Amino acid sequence: MENRKRYLRKYRPFTQAGIQSSLSYRADFLLYRLGDVLTAFVTFFLWQAVFLSSPHPELGGFTINQMVIYIFLSFLTTELSSSGGTWTIGEEVKDGSIAMRLLKPINFNATYLFEEIGHKIVSAGILAPPLLGGMILYQVCNPRIITFNILNLVLFLVSILFAYLINFYFNVCYGFSAFIFKNLWGSNHMKNAIVAFMSGTLIPLAFYPHLLGKILQIFPFASLVYTPVMIYMGKYNIIQLLWALFLQVFWIVFFYFLSKFIWRITIKHLNVQGG
C-alpha cells in the first residue's frame with residue numbers, strides 16, 4: 001500500500017501538468033470541443049435524413065430515437081477514451097524534447113499516462129455532466145425509447161476506462177514508430193481515419209455486413225467506442241456483455257506487453273533531432 005502511494009506521488013506532477021496545460025489553453029480546448037460537438041450534430045442530421053427516407057421504423061436494430069442516443073454517446077465515449085500518445089511522442093521526437101523525458105529516472109509510458117489523466121479530468125469535468133446528464137434525463141422522460149439502468153451506466157463507465165487504456169497503449173505502440181520514421185503526421189491522420197471506421201464512431205457496426213461486423217467486433221477498435229455505447233444502451237445479453245468486457249481486458253494486456261516489446265526494439269533506433 002505504501003509503495004502504491006509512493007508510486008502515485010511520483011507521477012502526480014505529470015497529472016497536475018496535464019490539468020494546467022488544458023486550463024492554460026482554454027480557448028484552444030473549447031474551440032476543439034465546439035468543433036467536435038458540431039460534428040456530432042452534423043452526424044445526427046445525416047442519420048435523421050437516412051431514417052426519415054426509409055420506410056422502416058428500425059435500421060440495423062436501431063430506431064431513430066435510439067440512434068440519437070448512440071450518436072451523442074459515441075461522441076462522448078470518443079472524447080473520454082481518446083489518446084494523444086502518438087501525436088505527443090511524434091512531436092517530441094521531431095523537436096528533440098523527448099530527450100528530457102528519457103533522462104528522468106521514471107517509467108517512460110507512465111509519464112504520458114498520468115499527463116493524459118490530467119487532460120481527461122478537465123475533459124470529463126466539462127463534457128460529461130451536460131452530455132451524460134442530458135441523455136439520462138432524456139431517458140427518464142422517455143422510458144419507452146431506452147429504459148435508464150444504473151447498472152448499465154456503471155458498466156459503461158468501467159468500459160470507457162478499459163477503452164481508454166486500450167487506446168493509450170495502442171497509441172504508444174504506434175508512437176514508438178516515430179523513433180524510426182521521425183515524423184508521424186501523415187500516418188497519424190490515416191490511423192485515426194481507420195480507427196474511426198472500425199470502432200463504430202462513424203457507422204455502428206450493426207450496419208455493416210453481418211460477417212464483417214462480427215469480425216470487427218473482435219478487433220480492438222470496436223472496444224474503443226462501439227462496446228461501451230452498446231453496453232449503456234442495453235443491447236448486449238449477459239453472455240455478450242461478459243465477452244465484450246473480456247475482449248477489452250485482453251486487448252489492454254496485449255497492447256501493454258506489445259508496447260514493452262516495441263520499446264526495446266525502437267529505442268535502439270532513436271536519433272534525437274533538434275533540442
Side-chain angles (χ1 to χ4, degrees), residues 31-82 123 127-128 130-149 152-153 155-157 159-160 163 166-167 189-237 240-241 243-244 247-248:
L31 286 173
Y32 266 104
R33 301 292 78 80
L34 177 61
D36 291 333
V37 170
L38 290 175
T39 300
F41 274 100
V42 169
T43 306
F44 160 70
F45 287 117
L46 175 63
W47 278 107
Q48 184 181 52
V50 170
F51 273 87
L52 292 178
S53 64
S54 172
H56 306 289
E58 286 192 12
L59 293 174
F62 291 84
T63 65
I64 186 171
N65 292 318
Q66 290 174 344
M67 182 56 72
V68 170
I69 294 177
Y70 182 93
I71 290 167
F72 289 99
L73 262 183
S74 64
F75 158 71
L76 176 62
T77 304
T78 299
E79 290 298 317
L80 296 181
S81 66
S82 63
S123 296
L127 294 174
L131 281 174
L132 194 55
M135 280 183 287
I136 292 173
L137 182 62
Y138 179 70
Q139 287 179 269
V140 171
C141 295
N142 302 275
R144 292 183 179 179
I145 299 172
I146 297 179
T147 304
F148 174 70
N149 186 313
N152 287 349
L153 174 61
L155 291 173
F156 168 71
L157 296 176
S159 185
I160 283 184
I166 294 170
N167 215 357
H189 279 285
M190 181 185 70
K191 182 260 297 178
N192 289 340
I194 293 172
V195 170
F197 174 77
M198 298 180 70
S199 66
T201 303
L202 300 177
I203 305 172
L205 300 186
F207 283 79
Y208 290 17
H210 181 74
L211 180 59
L212 177 60
K214 290 293 184 183
I215 293 173
L216 290 180
Q217 287 183 49
I218 300 175
F219 278 45
F221 310 114
S223 295
L224 303 181
V225 176
Y226 188 74
T227 293
V229 175
M230 295 296 276
I231 288 175
Y232 181 89
M233 297 180 70
K235 293 285 188 178
Y236 287 154
N237 59 39
Q240 292 172 319
L241 173 63
W243 173 247
L247 278 177
Q248 285 191 303

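Note that the structure is a prediction, hence the values are computed from the model and not measured. The analysis underlying the following values was restricted to heavy atoms, covering all of them including side chains, and did not include hydrogens, waters or symmetry mates.
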Do [X] and [Y] make a side-chain contact, defined as non-hydrogen atoms from C-beta onward lying under 4.5 Å apart?
X: Thr77; Y: Phe156; answer: yes
X: Lys235; Y: Gln240; answer: no
X: Asn65; Y: Ile69; answer: no
X: Leu224; Y: Thr78; answer: no
X: Val68; Y: Trp47; answer: no
X: Leu205; Y: Leu212; answer: no
X: Met198; Y: Tyr226; answer: no
X: Thr63; Y: Phe51; answer: no

Side-chain donor-acceptor pair present, Gln139, Tyr232, cut-off under 3.5 Å: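 On atom types as modelled, these side chains qualify, holding a pair under 3.5 Å.
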Polar contact flag, side-chain donor to acceptor under 3.5 angstrom, Gln248-Ser159: yes
Enter the distance from [X]:[atom1] to [Y]:[atom2] here, rounded to the nearest 0.5 Å.
X: Leu131; Y: Leu73; atom1: CG; atom2: CG; result: 9.0 Å
X: Ile160; Y: Asn167; atom1: CD1; atom2: CG; result: 12.0 Å
X: Ser223; Y: Ile218; atom1: OG; atom2: CD1; result: 10.5 Å
X: Ile194; Y: Ser199; atom1: CD1; atom2: OG; result: 11.5 Å
X: Ser74; Y: Met230; atom1: OG; atom2: CE; result: 12.0 Å
X: Ile64; Y: Met67; atom1: CD1; atom2: CE; result: 9.5 Å

Check: Ser54 side chain, Val50 main-chain N or O, donor-acceptor pair, under 3.5 Å: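 No: the side chain of Ser54 does not pair with the backbone of Val50.
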Residue pair Ile136, Leu153: steps toward the side-chain contact (heavy atoms from CB on, under 4.5 Å) verdict: CA-CA 9 Å; Ile136 292 173; Leu153 174 61; 4.1 Å; yes
side-chain contact (heavy atoms from CB on, under 4.5 Å) evaluation trace for Ile231 with Thr227: CA-CA 6 Å; Ile231 288 175; Thr227 293; 3.8 Å; yes
Trace of the side-chain contact (heavy atoms from CB on, under 4.5 Å) decision for Tyr208 with Phe197: CA-CA 11 Å; Tyr208 290 17; Phe197 174 77; 3.5 Å; yes
Phe72 and Phe44 aromatic ring geometry - parallel, tilted or perpendicular at 30°/60° bounds: tilted
Heavy-atom closest pair, residues Gly60 and Ala206: O-CB, 3.6 Å
Closest contact, heavy atoms only, Ile71 versus Ala40: CG2-O, 3.6 Å
CZ (Phe207) with more than 12 external heavy atoms under 6.0 Å: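 More than 12 within 6.0 Å, yes.
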